[in-house]
Amino acid sequence: MAEPSKGLLRAQEIYQDRSQRALELREQGKKIMGYLCIYPVLEMMTALDIVPYRIFGDMREPITRADAYMPSVNCPFLRSCLDLGLKEKYDFLDGIVTSHICDVGSSLSGIWNYTVRTPFSHHIDTPHTLHETSLKQERGLLEDYRKALEDFTGHKMTTENLKKAIRVHNEQRALVRELYELKKPDPPLISGVETIRVIKAIQSIPVDEGNELLRDVISEVKERGDGPQTKSARLLLWGSILDDTALPEMIEGLDANVVMDDTCVGSRPYFNDVEVTGDVIDGLARHYLMDIKCPRTFRTRDYNDVRKDYMKDLEVRFSYLSDYARDWKTNGVILESVRYCDTHGYDVPGLRDYLDNLGIPSIYLEHDYTEGALAPLRTRVQGFLEIIS
Amino acid sequence: MTTEAKPRALNRLQSMYALRAEVDKMYEGGVEASEEGRPVAWVMLEGWSNAILNAMGVNTVFPENYSSLCAAQGVATPFLERSEAEGYPTHLCGYARTCVGYSSRMVELDGKIPPEAPAGGMPKPILLVASGEVCDARFKWFQSLGRFFDAPVWTIESPYPGLRERLTEGAHERNVNFLINELKAFVAFLEKLLGKKMDWDALEHTGGGTNEINRWRWEINELRKARPGPMNTRDFWSAVTAALFRGAANPDVITKGFERMYDEVKERVNNGIAGINRPEKYRLSFEGLPPWHSLGFLEQLAERGWNFVIESAYRPPRPITIDLSKYSDPMERYVRRRYRRLEDSLEEDYGPEEAGLIIDEILCDGVSRRMGLRHIRDYQVDGVVLHVLLTCRSTSAGLNLLQHRLLDVLKVPSLVIEGDIIDVSAFNPAEALRNAETFEETMDHYRKVRKELGMPW
Amino acid sequence: MVLIYFAGIDLGSTMTKVVIVDEDDQTKASVVYHTGAEHRRLANRVMEESLAKANLSIDDISFVMATGYGRINVPFADRQITELSCHARGVASFFPHVRLAIDIGGQDAKGLKTRDGKLLDFVMSDKCAAGTGRFLEVISAALGLKIEDLGDISLRSTQKVSVSSTCTVFAQQEVVNHLSEGVPLEDVIAGLHDAIAGRSARMVNRLKVEPDVVFTGGVAKNVGVVKALEENLGCPVLVPEEPLLSGAIGAALLGKEHVLKALARGETIQTGKRRLEEATFFK
Amino acid sequence: MAYFLGIDIGSATSKGIITEDGSTVSRHLLPSGVNYRLAAQEMVEGLLAKSGVAQEDIACTVATGQGSANVEIADQEVADIRCCARGIFSIFPSVRTVIDVQGQSTQVLRLNGEGQVANFVVSEKCASGSGRFLDIIANVLQIKLEDIGPLSLESKNPVTFTTGCAVFGESEAVSRVSEGVAREDIIAGVHQALAEKISSLVGKVGLEERCAITGGGGLNTGLIKWIERKLGIELLVPPEPQLVTALGAAIMAEEACK
Ligand SMILES: Nc1ncnc2c1ncn2[C@@H]1O[C@H](COP(=O)(O)OP(=O)(O)O)[C@@H](O)[C@H]1O
Ligand SMILES: Nc1ncnc2c1ncn2[C@@H]1O[C@H](COP(=O)(O)OP(=O)(O)O)[C@@H](O)[C@H]1O
Ligand code: SF4
Ligand code: SF4
Ligand code: SF4
């Protein structure tokens, strides 16, 4: 038998056939838990030896069954997820955890329960604000979630196991950040396309295996000679779900490298650690409510400010992006969103104001989550590259 | 052209006009307050903040409603286009886009109300009260208005749990406390903003008034079960805004208005008069928000004998007396008056037996097939119109599932009409009418099916 | 002194345009051809024809810049650049004070914010033929009219009718229905022009309309759309004498500037293989 | 003697049928052309001439289709979906799902045991989801309509279009041909895309066995195969699929007289 592949090759294999490992583990009697978006707390799954498996859509597969259950004016990514569910592509899941990511995301959990009927399901109603009360609420919600998982597995989640899980997940976060460090040089050592493959791969396998994969990738990337070439543009990619390499492939086929991103199949879930607090759940609640920066959360400079200062407000909401732009030396930002995504859509004008103010050029691209939709975007990206070069 | 051979197909309620006028007064009141230097806030409909703001002497106006007013008067399009020019994607909520366009126009005019604004316009706000309830649009939208106003935004968070999670032990009390603390934080903020203390006694009054109004609205809806249906949804939409978007208006005035409406509807029931001036061939329910720009379309459906006897949105809650004597904290009283345990409201609505079935469904599947269909049965509805909105996710996302459940559980068919609350270009009336004709056959079919199954209508 | 020439080729979805300029930016030759299925591949012929017109051979051309929908696959080009940048540059050569350029071609509509020939920002229409020159082509073909005549016909209109179908194919049907109901031709055509202009105006509003506004692309040859665009934007709109050529001219000029810049930096100019071969599209 | 007339003025083709006692006496098809009113007149004249029936003997006329308003002699206008249901029911009483592929739109309906429409859904208003897309491509590829279906089945490698627009699809098809792509691969790509859209519509109303195809699309044997592959069932094809709606209209006319 051939040597099992490692590093980037392995990442690509998993990217192309995501469920393969999950199916193997299921054979061995492990429970596989699907989750949508990045708000369902993974540490609690890992603590109970459940394998977290992120649910994605497939922009290469036409949506044919989901339209019966969800109007086409809704997020095509979620419609695609549902479509795959209805086509029995997620039948190997033992359960599914959803959270209040957005309206359609919440609705989907009910629709999924009605139509796909995965045996176990749980919904976490993550609040939108960072008010003190919200933190308390999130904490309570996580207690419920913990109980639900315990009932599901029939095992207690000990503090010890939970702490251990937090440590492995933090390790994963650190490894991802280390990987992103390798994107800082010019040319970057790993391309945007490869990055998505790696991230999607680690969101498809148990966390410890993901860490091993990350380590392999990091050492391979550091040493290889056939990495990306220097290009005139170093881009930061911001946006809603991007679970396919098609868009970065198109961009990197032009005179640009995607060197940094703020998307949830990218840096978003990994750039802050979970603090191991005395009461472990406190730290988890704080992380998942406050640390993940995503337009679904209402963030403002100071909730008790009686006067709004627009620019300062934008600063608080988006300054991490200017840090990214500075540290990864990007000279342009591509804002990307699937059509009908409200949470990202409302942020676009403000975010562009902010970037304009800093003199960072940006462009907004909207697509309907099909592969074919990307071709017409090519001229736009190229035009943008001509503007910034 | 005054040659009206045939009376109009819709039979409008006279009492509706007075109520409708109250909404204009609310906006006039806002402008007046602003001119006198009193504070005006823009708020979202969610039922929590308005009474608190009014108790603090803040006038409230409602951009959601204001946008539908613009649409109804046919002046929304320039605002929509303005919002597009500001770089807002066109799929965003029509209310929000109208409001963005309006705000941008205001900035252009140095904070003055645009002269083309209907009903006197909405004055510049000192505060924007967003809401985490119902949909994402309603907090993202106000947040993004920061481009136009230096008014702070406060988002009122409210729990929006999954059904099964709502039944989890301890969840209800946690949610109640969440609300109480959340609203108290809001009050603390308001006190800081306005430099004065909350008037808790006033809250008892402003908060309680809604219950009276809702009680009359409930009674009116009870009357609408009659055959023929005495009140068409068109009148419901015209009048309901007075209850929902009451602003600082005296609740007693609105209560009186609905009381009069009750009398008029009652009179109709006694005399067998319908909400349409044509034989009631089909009884329908309208699910989703209405096409504010084309309410006249209901006239054309009434012409075919379609009587919309009930609607899904903004149905008043069943009036119940809640024993609040245990609770002395005014905020707790305020919250408990409205935020109920799911089990309790189900039991009141469906009776213990069916409520039990629903709860079992929820515990087992995480969803219920039966829940939320009560009005279809009670009003003996032949068919349902599902208004799928181009720009509103939260009211549209579940409609297709509803369509399946209605057929599965009650054998009631639905007609999907695509359109929008504000954007008239999303609606094709000719096509909708064509499909309406075919849908009559579908309704006939399911009448037979229900009969065969021994269902009561 | 050696004369130096630069060529720009704009391989559009509908029209292929070639412009050759000399070192003083003077146009030596320009050729416009229907792209058509064959000509799409035979861009080389269009190039040859313009060389003949200018009395030059391909070796006299210092640099060939390709732009337009089919730019990527022009085998004799030295470099490709998007039509966005080229239009911005080209338009400025006619109207130096242009701030907003609107280009409506066969495949899409674009709005370009520019200053001194530089592209600052842009918007582009979506993947639907409604709102493009194709829309007018399809309908004029169905009515047996010449595309050149639409403009004059529409100017006679006193009361334009609105066309409610957005889909080009169905609008064609609707137009036919209007006509069979006796609506005057000019009113229907004026309605179509208004539909196109309205779409573009809403789109370019995102760039904040500032004079001078210049309108280019094949559709700018249509006086009816020009008028409708002025109405929809509420400001005057300038049209160059040959609105089809701005992309090709811009390409030629950008080619020249590219060469000059490289020379100034003491670099050698990278040129392609210069094969006067057929172009291909779907790669 | 009582005759009944059903006239379907479609977006591209007008169809008419005269019945007597439930059986067809005469049928007629002609292009709708640019003037529906004219087409309607010619249709009536043509039908009467073919059948030898006198206009006075027509007891009732029902008009349907896009241009139904232009049939002056019509006693009633009825929505085409209802007529389609009636028509197919008279041919295949056991059919419960119908896919009606017309020029301007595609509709899927469910029938009850009495031939009434129990549920239905109509495609979006974009030509790329209708039979018209096939016509456009067939036209530019210079293939006769009746040949596109069989030809599409010869393809091993259906082309995926880079555009979702029927109008741009036309020019794309042309360019692809000139670049050497086989015509069957192009036409197969269009069929496949249409079949996908149709199967999504079928999903919306739910598929119940015994499913038929009607409308001009029912003449396209290739399209039928593509849909069958997508849905995994066999479709029933009436002998004259394009005339089903007109037949239904005639039946409606008879019912109206009873
Ligand atoms: N003489 C003319 N009069 C009016 N319109 C014209 C004329 N010539 C071309 N057009 C319009 O211009 C469009 C082509 O414009 P063009 O800018 O060449 O597009 P592309 O760059 O995509 O080839 C055609 O679709 C047609 O509508
Ligand atoms: N002989 C044929 N072979 C294959 N397809 C055909 C044939 N004739 C017509 N069609 C298809 O049928 C469609 C027209 O269907 P029809 O029901 O007559 O539409 P309409 O009622 O809108 O005119 C055309 O778009 C074409 O795709
Ligand atoms: S892309 Fe937007 S709408 Fe879709 S799941 Fe994410 S947040 Fe929700
Ligand atoms: S529920 Fe719909 S209509 Fe209401 S504010 Fe939200 S998006 Fe807009
Ligand atoms: S609506 Fe018509 S013009 Fe637009 S994409 Fe569809 S087929 Fe093309």
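Predicted model, so just to flag it, every value in this text is computed and none were measured. Sequence lines set the chain letters: A, B, ... in the order given, protein chains first and strands last, and positions in each chain run from 1.
Between the CZ atom of B/Arg393 and the OG1 atom of A/Thr343 there is a distance of 10.5 Å, given to the nearest 0.5 Å. From B/Asn177, atom CG reaches atom CD of A/Gln137 across 9.5 Å, with rounding to the nearest 0.5 Å. A/Thr129 contributes atom OG1, which lies 9.5 Å from atom CZ of B/Phe139 (distance to the nearest 0.5 angstrom). Rounded to the nearest 0.5 Å, atoms CG (A/Asp309) and CG (B/Asp150) are 9.0 Å apart.
The part of B/Thr168 that comes within reach of chain A is its side chain, from C-beta onward, which places non-hydrogen atoms under 4.5 angstrom from that chain. Of the two parts of A/Arg307, the backbone and the side chain both hold a non-hydrogen atom closer than 4.5 Å to a non-hydrogen atom of chain B. With a threshold of 4.5 angstrom between heavy atoms, A/Pro119 does not approach chain B through any atom at all. If you measure heavy-atom distances from A/Asp305 to chain B, the contacts under 4.5 Å come from the backbone alone. Heavy atoms of A/His128 lying under 4.5 Å from chain B belong to its backbone as well as its side chain. With a 4.5 angstrom heavy-atom cutoff, A/Ser106 touches chain B only via side-chain atoms.
B/Glu165 places a side-chain N or O within donor-acceptor distance of the main-chain N or O of A/His123, the cut-off being under 3.5 Å.
Summarising the local packing, NZ of A/Lys136 is surrounded by 12 or fewer heavy atoms from other residues, nucleotides or ligands at distances under 6.0 Å. Environment of NZ in A/Lys87: crowded, with over 12 heavy atoms of neighbouring residues, nucleotides or ligands closer than 6.0 Å.
Between A/Asp347 and B/Lys140, at least one side-chain N (NZ, or NE/NH1/NH2) sits under 4.0 Å from a carboxylate O, which counts as a salt bridge. One finds no salt bridge joining B/Arg166 and A/Asp125 here, because no Lys/Arg side-chain nitrogen approaches an Asp/Glu carboxylate oxygen to under 4.0 Å. Residues A/Arg296 and B/Asp136 are not paired through a salt bridge, judged by the lack of any N-O separation under 4.0 Å between the basic side chain and the carboxylate.
Between chain B and the residues A/Leu141, A/Asp353, A/Thr133, A/Thr115, the most heavy-atom pairs under 4.5 angstrom are made by A/Thr133. Counting heavy-atom pairs closer than 4.5 Å to chain B, the top-ranked of the candidates A/Gly140, A/Ser109, A/Cys75 is A/Gly140. Between chain A and the options B/Gln403, B/Arg369, B/Glu169, B/Glu418, the largest number of non-hydrogen pairs under 4.5 Å is found for B/Arg369. Each of B/His404, B/Lys192, B/Arg164 has some count of heavy-atom pairs under 4.5 Å with chain A, and the biggest count is that of B/His404. The greatest number of non-hydrogen atom pairs below 4.5 Å with chain A, out of B/Leu127, B/Asn181, B/Ile180, is found for B/Asn181. Each of A/Ile111, A/Leu314, A/Asp313 has some count of heavy-atom pairs under 4.5 Å with chain B, and the biggest count is that of A/Ile111. Interface remark: of the candidates B/Ala130, B/Ser396, B/Gly366, B/Ser396 forms the most heavy-atom pairs closer than 4.5 Å to chain A.
Residues B/Phe149 and A/Lys308 are not in side-chain contact: their nearest non-hydrogen atoms beyond the backbone lie 4.5 Å or more apart. No side-chain heavy atom of B/Leu389 sits under 4.5 Å from any side-chain heavy atom of A/Val73. At a threshold of 4.5 Å between non-hydrogen side-chain atoms, the residues A/Glu138 and B/Phe178 do not count as touching.
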